[in-house]
Asks: 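Mind looking over this structure? Questions follow.
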Amino acid sequence: MYIEQQLITVIQQAFQQNFGLAVSHTDLSLQPTHPEFEGEYTFVTFPWAGRCQQRPEEVARQLGHWIKDQSPLISDFNVVQGFLNFTVADRVWLKQLAVICKDGQFGFLPSNGQRVVIEFSSPNTNKPLHLGHLRNNFLGHAIAEILKASGYEVYKVNLVNDRGIHICKSMVAYQQFGQGETPETTGLKGDHLVGKYYVQFDQVYKEQVASLTQQLGDRERAVKEAPIFLRARQMLQKWEQGDMVVRALWSTMNAWVYQGFEATYERLGIAFDRTYYESQIDLLGKQVVEEGLLQAVFYKKQDGSVWADLTGEGLDHKLVLREDGTSVYMTQDLGVADLRYAHYRFDRSIYVVGNEQDYHFEVLFKLMRRLGRSYTNNMYHLSYGMVDLPTGKMKSREGTVVDADQLIDEMVNVAAQYTQELGKIDDIPEEEAQQLYHTLAMGALKFFLLRVEAKKRLLFDPQASIDFQGHTGPYIQYTHARIAAILRKAQDAAIAYEGDILERHLALQPAERVVMMQLHKFPKKLREAAEAYSPAIIAQYVFELAKSYNRMYGEVAILQEREPMLRTLRVCLSATVARTIQRSMELLGITVPARM
RNA sequence: GCGCUCGUAGUUCAAUUGGAUAGAACGUCGGAUUUCGGCUCCGAAGGUUGAGGGUUCGAGUCCUUCCGAGCGCACCA
């Protein structure tokens, strides 16, 4: 039972007894007391002054007195204007610590029987993953973990965008300039090799457009008629017709890319329960469009293209099928939604997709509703902002993209350098050391990208991201490693938690009380994070927990404490902090080392 | 032009969903270890929350008008 809830129950009784008011549990809420005031929880009485027929101060005073007399929960209270501040009794904190210490699952919820499908990553198979994908992947993975911890049965799915004109661009360039290169002959990762040709296509295309524009004096025509572009279109048609040669090349190049992706996912620590390929689900969307036509949800233009009229809902007309009968983006998502429901019978379906798709999903959900899909209300677009660089926006064509693999390599180097300077792991095997550098690098990167609220755009400063001090992943990892060192020594000295600590009247230091309060907050933060689909809440929380511990570490002795009860208490507190850090970071997909 | 999102210390982010004197980190300056891991800790300086108006006991938060930024409004995905 959480302290806040207990306190609210008492306040409820206090209203009844002192003012004859029956107030519901949900109308009462507490907030943390500002540090400059005495106490831990604050109840605001301004809104109640009217119903109590008293000034806010007076209401606070009466409630405070009554609660202090009646409940062992608080040791003191004070009133500042309409703010009633409670000081929770040390014994209550100690008891709470005992509970958290014993309960290895503290804060995690038991199964609620609900299924969630979460789609993320969704790469195109024409170029390697970049920084933007990292934000997407980390978000998706973290939210999946958070929902699992909240009792959901979670399925992670990836929808690979493996068909379309952009794929053909890489293929055309490869055909023309590739000279039979393979990942093996070049030593390049498959996704990078294919990406190279995607870039090359664009260079050639630009040149052709430039010269053709001069020739024709018409840029618009040049854009549409550049030879290499025509070849790409032609190739797409052949692909649609199932041309053997084109399909073979497509399979080969896609296989290269998948191998490359697999390696990158592995480094990121990300995996999926199922992968969908757009090339395989083409038909489903078309069936949904057929169905919509029958229901008059869609209409057909004279040229044969199919549209939805959303002008009644303040939107515009939306194409759902081309005049030549081929699918567009929307067609596919209509089909995928059904397929996913058929596969999982989900209670919720989450799409982790960038905010440039906000409109697309708004339309998609409206269409699904019109089509009478009962699960529409359970679909959610988790929209996130772009990742910007200090130099401006990332543009693949201008080479300002931050490549994921390259970035990880750099971070690993920095981690190695810092770690060697610290010199705490000189005795461990090389393989383990490499593993550790990777752990630290990913910790820095993931924390950097997850600490910002998803919907906000995020500035990626390469300089700041490799910083290991301050508001960073490694700062938290370091805190964990330091506690782990203490615990190793405590074990050697046979200091362990003993249940009777809370029977003693131990006086807590303010810094210890703050740490306990932070620990106590974990379940609430997890709940908030799950409701808001927000890993940033966990990131914020775990940082504050680490900070509160580090402050305490500076103020009180732990193993050096002479009083055995206090020493035991602090070891127990340290162990609980370490475990909570570990579990919180795990929710973010970050591993914490025992040494670093 | 229309729609959506955003605007908070020099910089990057918070602000418990409408609560007290708007908080952290980085950077700057100044400190701390006879002791448990200094990738740590403590302190200082730094703000008209883009601007104006409104709602109320109380607004960074809600409404409104401007200003600025990003994204979208493709028979691309």
Side-chain angles (χ1 to χ4, degrees), chain A residues 29-37 42 44 46-47 49-50 55-56 80-83 85 122 124 126 161 163-167 278 301 303-307 314-316 318-324 326-330 332-333 354-360 362 383 385-386 388 390 393 418-419 421-424 440 448 451-453 455-461 463-465 467-472 474-475 477-479 481-486 489-490 521 524-525 528 532 536-537 539-540 543-544 547 549-561 567 570-571 574 595-596:
Chain A
S29 70
L30 291 169
Q31 49 186 294
T33 304
H34 281 224
E36 62 267 33
F37 299 100
T42 296
V44 183
F46 288 108
R55 300 209 329 272
V80 182
Q81 298 165 42
F83 298 93
N85 303 320
S122 310
N124 292 351
N126 61 340
N161 179 358
R163 59 166 289 275
I165 187 83
H166 53 295
I167 312 293
E278 290 195 357
K301 279 192 182 173
D303 63 12
S305 58
V306 181
W307 297 73
L315 305 177
D316 51 14
K318 190 76 189 175
L319 177 81
V320 294
L321 203 64
R322 291 194 191 100
E323 62 178 298
D324 62 5
T326 56
S327 303
V328 290
Y329 184 30
M330 187 59 75
Q332 296 187 9
D333 265 345
N355 64 8
E356 69 270 23
Q357 306 292 345
D358 285 355
Y359 184 72
H360 170 79
E362 193 185 346
S383 165
M386 310 238 118
D388 287 324
K393 208 188 143 170
Y418 272 93
T419 305
E421 277 170 21
L422 190 61
K424 288 281 181 184
L440 296 177
F448 194 88
R451 53 176 260 232
V452 178
E453 203 53 57
K455 75 170 177 174
K456 291 204 175 181
R457 44 189 307 152
L458 181 152
L459 188 88
F460 186 84
D461 182 346
Q463 220 54 38
S465 70
D467 199 337
F468 279 23
Q469 287 159 18
H471 197 175
T472 67
Y475 168 88
Q477 289 172 317
Y478 176 78
T479 306
R482 196 161 67 168
I483 298 175
I486 291 174
K489 287 185 181 156
K521 273 185 189 169
K524 189 179 163 193
K525 291 295 176 181
E528 278 175 25
I537 290 176
Q540 195 74 19
F543 173 66
E544 270 162 24
K547 209 161 48 134
Y549 181 83
N550 284 332
R551 176 179 279 234
M552 184 193 98
Y553 179 87
E555 287 182 18
V556 305
I558 299 170
L559 293 175
Q560 307 297 325
E561 171 61 47
R567 187 174 58 215
R570 286 172 191 159
V571 168
S574 299
R595 300 177 64 187
M596 64 187 273

Asks: Are any of the side-chain heavy atoms of A/Y329 and A/Q357 separated by less than 4.5 Å?
Replies: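 With C-beta onward as the side chain, the pair touches.
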Asks: Please report the distance, rounded to the nearest Å, between CE in A/M330 and P in B/rC75.
Replies: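 Atom-to-atom, A/M330 to B/rC75, this comes out as 12 Å.
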Asks: Rounding to an integer number of angstrom, what distance separates B/rC42 and B/rA24 when you compare their C1' atoms?
Replies: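 The same atom, C1', in both gives a distance of 15 Å.
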Asks: Only pairs with both distances under 3.5 Å count, Watson-Crick or wobble alike; so what is the partner of B/rG70 in this structure?
Replies: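 Base partner found: B/rC4.
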Asks: Across all strands, who's sitting opposite B/rU28 as a Watson-Crick or G-U wobble pair, both distances under 3.5 Å?
Replies: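 Result: B/rA44.
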Asks: Using atom P of each nucleotide, how far apart are B/rC13 and B/rC6 to the nearest Å?
Replies: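 The answer is 15 Å between these two P atoms.
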Asks: Mind checking the P distance from B/rG27 to B/rA15? Whole angstroms is fine.
Replies: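 Nearest-Å result for B/rG27 against B/rA15 at atom P: 23 Å.
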Asks: Please check the phosphate of B/rG37 (OP1 and OP2 only) for any side-chain N or O of A/K489 closer than 4.0 Å.
Replies: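 True: A/K489 side-chain N/O within range (under 4.0 Å) of B/rG37 OP1/OP2.
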Asks: Could you tell me whether the side chain of A/L559 reaches within less than 4.5 Å of the side chain of A/V571, counting heavy atoms only?
Replies: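 Counting from C-beta outward, A/V571 and A/L559 do come under 4.5 Å.
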Asks: Over all strands shown, is A/V556 touching base, sugar-phosphate only, or nothing at heavy-atom distances under 4.0 angstrom?
Replies: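 Base: the residue A/V556, judged by heavy atoms under 4.0 Å, touches a nucleobase.
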Asks: Test the A/K301-A/W307 pair against the cation-pi criterion, namely NZ or CZ under 6.0 angstrom from the six-membered ring centroid and within 45° of the ring axis.
Replies: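 Yes, A/K301 lies over the aromatic ring of A/W307.
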Asks: Starting at the 5' end of RNA chain B and moving along, which residue's nearest nucleotide shows up first, A/P474 or A/R163?
Replies: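 This one resolves to A/P474.
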Asks: Please give the nucleotide sitting opposite B/rG38 as a Watson-Crick or G-U wobble pair, both distances under 3.5 Å, or none.
Replies: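 B/rG38 is paired with nothing.
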Asks: Does A/D461 reach a base, just sugar-phosphate, or nothing at all? Heavy atoms under 4.0 Å.
Replies: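 Answer is nothing: A/D461 stays at 4.0 Å or more from every strand.
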Asks: For a 4.5 angstrom cut-off between non-hydrogen side-chain atoms, does A/K455 reach A/N355?
Replies: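 Heavy-atom side-chain distance check fails, nothing below 4.5 Å.
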Asks: State the pairing partner of B/rU21; accept Watson-Crick or G-U wobble contacts with both distances under 3.5 Å, and report none otherwise.
Replies: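 Result: none.
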Asks: Within the 4.5 Å heavy-atom criterion, are A/T42 and A/P32 side-chain neighbours or not?
Replies: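 Not in contact.
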Asks: In Å, rounded to the nearest 0.5 Å, how long is the span from OH of A/Y478 to CE of A/M596?
Replies: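 The CE atom of A/M596 is 8.0 Å from OH of A/Y478, to the nearest 0.5 Å.
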Asks: Closer to the 5' end of RNA chain B via nearest nucleotide, is it A/Y329 or A/T479?
Replies: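 Final value for this comparison: A/T479.
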Asks: Looking at every strand, decide which applies to A/A49 at a 4.0 Å heavy-atom threshold: base, sugar-phosphate, or nothing.
Replies: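 Touches nothing.
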Asks: Expressed as a whole number of Å, how far does the P atom of B/rA51 sit from that of B/rU11?
Replies: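 The answer is 15 Å between these two P atoms.
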Asks: Could you work out the separation of B/rG50 and B/rG72 based on their P atoms and round it to a whole Å?
Replies: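 The answer is 25 Å between these two P atoms.
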Asks: Would you tabulate the nitrogen or oxygen pairs shorter than 3.5 Å linking the protein to nucleotides 28-35 of chain B?
Replies:
residue: B/rU35; atom: O2'; partner: A/Q560; partner atom: NE2; Å: 3.0

Asks: Under 3.5 Å, is there a donor-acceptor pair between the A/S574 and A/Y553 side chains?
Replies: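 Looking only at side-chain atoms, A/Y553 and A/S574 do not form any donor-acceptor pair under 3.5 Å.
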Asks: Using a cut-off of under 3.5 Å, enumerate the N/O to N/O pairs linking the protein to nucleotides 12-20 of chain B.
Replies:
residue: B/rC13; atom: OP1; partner: A/L459; partner atom: N; Å: 3.0
residue: B/rA14; atom: OP1; partner: A/E453; partner atom: N; Å: 2.8
residue: B/rA14; atom: OP2; partner: A/K456; partner atom: NZ; Å: 3.1
residue: B/rA14; atom: O2'; partner: A/Q540; partner atom: NE2; Å: 3.2
residue: B/rA20; atom: OP2; partner: A/H34; partner atom: NE2; Å: 3.3
residue: B/rA20; atom: N6; partner: A/T42; partner atom: OG1; Å: 2.7
residue: B/rA20; atom: N6; partner: A/N85; partner atom: OD1; Å: 2.9
residue: B/rA20; atom: N1; partner: A/N85; partner atom: OD1; Å: 3.3
residue: B/rA20; atom: N1; partner: A/N85; partner atom: ND2; Å: 3.4

Asks: With a cut-off of less than 4.0 Å, is there a side-chain N or O of A/R482 near OP1 or OP2 of B/rG38?
Replies: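 Yes, because at least one side-chain N or O of A/R482 sits under 4.0 Å from OP1 or OP2 of B/rG38.
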Asks: Are any non-hydrogen side-chain atoms of A/R163 and A/Q332 less than 4.5 angstrom apart?
Replies: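 Touching, per the 4.5 Å side-chain cut-off.
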Asks: Who does B/rG60 pair with, Watson-Crick or G-U, both distances under 3.5 Å?
Replies: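 None - no nucleotide pairs with B/rG60, as no candidate has both distances under 3.5 Å.
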Asks: Given A/Y475 and A/K547, is the side chain to side chain contact (heavy atoms under 4.5 Å, CB included) satisfied, shown in steps?
Replies: CA-CA 9 Å; A/Y475 168 88; A/K547 209 161 48 134; 3.6 Å; yes
Asks: Is the cationic atom of A/R451 (NZ for Lys, CZ for Arg) positioned less than 6.0 Å from the six-membered ring centroid of A/F543 and within 45 degrees of its normal?
Replies: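 Judged by the rule (NZ or CZ under 6.0 Å from the ring centre, within 45° of its axis), A/R451 is not positioned above A/F543.
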Asks: Name the nucleic acid region contacted by A/S383, choosing base, sugar-phosphate or nothing; use a 4.0 angstrom heavy-atom cut-off, strictly under.
Replies: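 Contact class for A/S383: none.
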Asks: Under 4.0 Å, counting only non-hydrogen atoms across every strand here, what does A/I558 touch: a base, just sugar-phosphate, or nothing?
Replies: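 Base contact.
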Asks: Check the phosphate of B/rC36 against A/Y549, side-chain N and O only, distance under 4.0 Å to OP1 or OP2. Yes or no?
Replies: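 So the side-chain polar atoms of A/Y549 never come under 4.0 Å of the phosphate oxygens OP1 or OP2 of B/rC36.
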Asks: Using atom CD of A/E356 as one end and atom C1' of B/rC6 as the other, report the distance to the nearest whole Å.
Replies: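 Roughly 15 Å, once rounded to whole Å.
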Asks: Would you check if A/H471 and A/Q540 make a side-chain contact, meaning some heavy-atom pair closer than 4.5 Å?
Replies: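 Side-chain contact under 4.5 Å: yes.
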Asks: Consider the side chain of A/Y359, meaning its heavy atoms from C-beta on, and name the nucleotide among B/rU5, B/rG72, B/rC41 that approaches it most closely.
Replies: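 Of the candidates, B/rG72 comes closest.
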Asks: Roughly, in whole Å, what's the span from CD in A/E555 to C1' in B/rG43?
Replies: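 It is 13 Å, rounded to the nearest whole Å.
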Asks: Rounding to a whole Å, what distance do you find between A/D467:CG and B/rU11:C1'?
Replies: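 Nearest whole value for this atom pair: 13 Å.
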Asks: As a test of the definition: with a 90° window around 0 for syn, would you call B/rU17 syn or anti?
Replies: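 Syn, angle within 90° of zero.
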Asks: Between atom CE in A/M386 and atom P in B/rG70, what is the gap in whole Å?
Replies: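 Distance, rounded to whole Å: 12 Å.
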Asks: Assess whether one donor atom and one acceptor atom, taken from the side chain of A/D316 and the base of B/rC2, lie less than 3.5 Å apart.
Replies: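 Between B/rC2 and A/D316, which were checked side chain against base, a qualifying N/O pair under 3.5 Å is absent.
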Asks: How far, in whole Å, is B/rU48 from B/rC4 if one measures between their C1' atoms?
Replies: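 One C1' to the other, the span is 30 Å.
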Asks: Quantified in whole Å, what is the C1' atom distance between nucleotide B/rA9 and nucleotide B/rU28?
Replies: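 Roughly 13 Å separates the two C1' atoms.
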Asks: Roughly how many Å apart are B/rC63 and B/rG7, using the P atom of each and rounding to a whole number?
Replies: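 Per the computed distance, 13 Å lies between those P atoms.
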Asks: According to a strict under-4.0 Å criterion, is A/N355 in side-chain N/O contact with OP1 or OP2 of B/rC71?
Replies: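 The answer is no; no side-chain N or O of A/N355 sits under 4.0 Å from OP1 or OP2.
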Asks: Kindly indicate whether the side chain of A/H34, heavy atoms from C-beta on, has any atom under 4.5 Å from the side chain of A/F83.
Replies: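 No, side chains not in contact.
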Asks: To the nearest Å, how far apart are A/Y475 OH and B/rG38 P?
Replies: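 Rounded to whole Å, this separation is 13 Å.
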Asks: Looking at every strand, decide which applies to A/E278 at a 4.0 Å heavy-atom threshold: base, sugar-phosphate, or nothing.
Replies: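 Here A/E278 touches the backbone only, sparing every base.
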Asks: Are A/R322 and B/rC76 close enough that a side-chain N or O sits under 4.0 Å from OP1 or OP2?
Replies: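 Yes, A/R322 has a side-chain N/O under 4.0 Å of OP1/OP2 on B/rC76.
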Asks: Find the distance A/E421:CD to B/rG38:P and express it as a whole number of Å.
Replies: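 In whole Å, B/rG38 P and A/E421 CD are 16 Å from each other.
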Asks: Just how far, in rounded Å, is P of B/rC76 from CG of A/N126?
Replies: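 About 16 Å, once rounded to whole Å.
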Asks: Under a 3.5 Å cut-off for both distances, is B/rU55 Watson-Crick or wobble paired, and to whom?
Replies: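 Base-paired to nothing in any strand shown.
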Asks: Return the pairing partner of B/rU33 with a 3.5 Å limit on both distances, Watson-Crick or G-U wobble; otherwise return none.
Replies: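 Pairing partner, where one exists within any strand: none, as none qualifies.
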Asks: Any side-chain heavy-atom pair from A/N85 and A/V80 closer than 4.5 angstrom?
Replies: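 Yes, side chains in contact.
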Asks: Students often get this wrong, so: under 4.0 angstrom with heavy atoms, is A/F543 touching a base, only sugar-phosphate, or nothing?
Replies: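 Since only primed, P, OP1 and OP2 atoms lie under 4.0 Å of A/F543, the category is sugar-phosphate.
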